[in-house]
Amino acid sequence: LTQEELKQIVELDLSDKKYKIHNYVRDIFVVGVCTAQRVSDYTRISPKSIKEQSVSYIEDGTIRKRIYKVIELVQQKTKTKVVIPISNQLMQTLNKYDYRLPKVREITINRYIKQIAKMAGIDEIITIGRISGGKHTVEHKPKYELIYSHTARRTGATLMYLAGMDIYDIMKITGH
């Protein structure tokens, strides 16, 4: 997803009670984008995952220290320890749930995130070419149909790259 499409999802009004699960799924997806983790990892974020780190630097000949919050996780799939800086968007979403995201199954996330993206107007037609059994096929689908929980991880890493983050820092965050 592009930054603009993510913004459309974030700003979608889901305040009506009938959209309670949509609201949860949207927030969980946003955490996935902000952390660039697998759903199995970012849904395990808890207050124990939140740590403070300090960085020392020199400014005008004086050593200064800046403290900021990060999420520390050990990824389930790779057993890699990752440290994820907490952006304002991520902090806002985590605070909303007291650092404990609602428990929603991945299959439910995958079903509802498509509906949310459709409601947000993410309906550009995407052309998909495949080769199977030596036969080339082409499909045309609206973009919202192609969004899954793992799209959050790919979107997060891509947006970090497009924002100018060093590729090695992205790799440390994603565990690659």
Side-chain angles (χ1 to χ4, degrees), residues 1-12 14 19-55 66-120 122 143-176:
L1 297 171
T2 66
Q3 187 69 53
E4 183 56 38
E5 289 166 334
L6 180 61
K7 183 178 178 190
Q8 287 171 238
I9 288 172
V10 168
E11 292 178 353
L12 184 64
L14 298 173
Y19 295 124
K20 183 176 182 178
I21 189 74
H22 292 78
N23 196 20
Y24 288 163
V25 167
R26 187 250 321 269
D27 290 346
I28 291 167
F29 187 83
V30 167
V31 170
V33 172
C34 292
T35 62
Q37 299 300 301
R38 293 174 190 87
V39 69
S40 60
D41 295 319
Y42 65 76
T43 55
R44 291 183 302 112
I45 294 171
S46 71
K48 293 188 317 187
S49 310
I50 311 303
K51 310 288 182 191
E52 287 189 348
Q53 283 193 351
S54 68
V55 173
R66 180 168 178 239
I67 296 174
Y68 58 99
K69 291 189 178 200
V70 297
I71 296 170
E72 289 185 4
L73 288 175
V74 175
Q75 295 178 326
Q76 279 192 325
K77 181 178 178 181
T78 63
K79 307 300 182 226
T80 304
K81 181 182 176 185
V82 294
V83 179
I84 306 145
I86 299 180
S87 66
N88 291 337
Q89 176 73 56
L90 180 54
M91 182 62 80
Q92 192 175 6
T93 305
L94 291 175
N95 279 336
K96 183 175 177 181
Y97 298 102
D98 197 28
Y99 297 96
R100 288 180 181 85
L101 292 175
K103 300 295 180 204
V104 178
R105 295 182 7 209
E106 188 170 359
I107 193 167
T108 304
I109 295 169
N110 288 335
R111 181 176 54 223
Y112 281 91
I113 195 61
K114 290 171 181 17
Q115 293 175 19
I116 294 163
K118 183 178 183 180
M119 292 165 64
I122 302 170
K143 194 169 190 176
Y144 64 82
E145 287 185 14
L146 305 172
I147 300 173
Y148 297 88
S149 61
H150 197 72
T151 304
R153 178 170 164 83
R154 290 193 318 267
T155 298
T158 299
L159 294 178
M160 288 175 195
Y161 177 77
L162 292 175
M165 185 180 280
D166 183 83
I167 190 78
Y168 295 106
D169 289 335
I170 297 169
M171 289 170 66
K172 286 178 196 171
I173 290 170
T174 61
H176 286 101

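We use all heavy atoms of the structure for the numbers below, so side chains are in, but hydrogens, waters and symmetry mates are not.
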Evaluate the criterion side-chain contact (heavy atoms from CB on, under 4.5 Å) for residue pair L162 and Q3; output intermediate values, then yes/no. CA-CA 10 Å; L162 292 175; Q3 187 69 53; over 6 Å; no
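Scored by the side chain to side chain contact (heavy atoms under 4.5 Å, CB included) test, K51 finds V70, E72 as partners (sequence neighbours excluded). With sequence neighbours excluded, the residues satisfying side chain to side chain contact (heavy atoms under 4.5 Å, CB included) with K96 are N23, D27. By the ring pair (Phe, Tyr, Trp, His ring centres under 6.0 Å) test, Y144 is found to be paired with no residue, residues two or more places apart in sequence or in another chain being considered. Every residue was checked against the side-chain hydrogen bond (donor to acceptor under 3.5 Å, both in side chains) condition with Q76, not counting sequence neighbours, and none meets it. Y148 pairs by the ring pair (Phe, Tyr, Trp, His ring centres under 6.0 Å) definition with nothing, not counting sequence neighbours. By the side chain to side chain contact (heavy atoms under 4.5 Å, CB included) test, E52 is found to be paired with I67, K69, residues two or more places apart in sequence or in another chain being considered. Take S149 and apply the side-chain hydrogen bond (donor to acceptor under 3.5 Å, both in side chains) test, not counting sequence neighbours, and it matches E106, N110. With sequence neighbours excluded, the residues forming a side-chain hydrogen bond (donor to acceptor under 3.5 Å, both in side chains) with T2 are E5, listed by chain and number. Remark: R44 engages D41 in a side-chain hydrogen bond (donor to acceptor under 3.5 Å, both in side chains) (not counting sequence neighbours). Contacts of R111 classified as salt bridge (charged side-chain N to carboxylate O under 4.0 Å, His left out), with partners at least two apart in sequence or in another chain: none.
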If you look only at distance, which donor and acceptor atoms sit under 3.5 Å apart when one is on a side chain in residues 81-93 and the other is two or more places apart or in another chain?
from : atom 1 : to  : atom 2 : distance (Å)
S87  : OG     : L90 : N      : 3.1
T93  : OG1    : Q89 : O      : 3.0

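Using a 4.5 Å cut-off on side-chain heavy atoms (C-beta onward), I9 and L1 make contact. Between Y19 and I116 the shortest side-chain heavy-atom distance does not fall below 4.5 Å. Using a 4.5 Å heavy-atom threshold, the side chains of Y97 and V31 count as separate.
Separating the CG atom in L14 from the NE2 atom in H22 is a distance of 7.5 Å, to the nearest 0.5 Å. From M171, atom CE reaches atom CE of M165 across 13.5 Å, with rounding to the nearest 0.5 Å. How far CD1 of I113 is from OG1 of T108: 12.5 Å, rounded to the nearest 0.5 Å. Taken from CD1 in I170 to NZ in K172, the straight-line distance is 11.5 Å, to the nearest 0.5 Å.
When all heavy atoms of A36 and M160 are compared, the closest pair comes out as CB-CE, 3.8 Å. A pairwise comparison of heavy atoms in I71 and I45 identifies CD1-CD1, 3.8 Å as the closest pair. Of all non-hydrogen atoms in T43 and K103, the two that sit nearest each other are O-NZ, 3.6 Å. K114 approaches I147 most closely through the heavy-atom pair NZ-O, 2.6 Å.
In this structure a side-chain-to-backbone donor-acceptor pair under 3.5 Å is present from Q37 to I173. In this structure a side-chain-to-backbone donor-acceptor pair under 3.5 Å is missing from K79 to V74. Side-chain atoms of R100 do not come within 3.5 Å of backbone N or O of P47 as any donor-acceptor pair.
For NZ of K118, the number of neighbouring non-hydrogen atoms (other residues, nucleotides, ligands) closer than 6.0 Å is 12 at most. Summarising the local packing, CD1 of I107 is surrounded by 12 or fewer heavy atoms from other residues, nucleotides or ligands at distances under 6.0 Å. When the shell of 6.0 Å around OH of Y161 is examined, it contains 12 or fewer heavy atoms from other residues, nucleotides or ligands.
Residue pairs meeting the salt bridge (Lys or Arg N to Asp or Glu O under 4.0 Å) criterion with at least one partner in residues 144-168, sequence neighbours excluded, do not occur; the list is empty.
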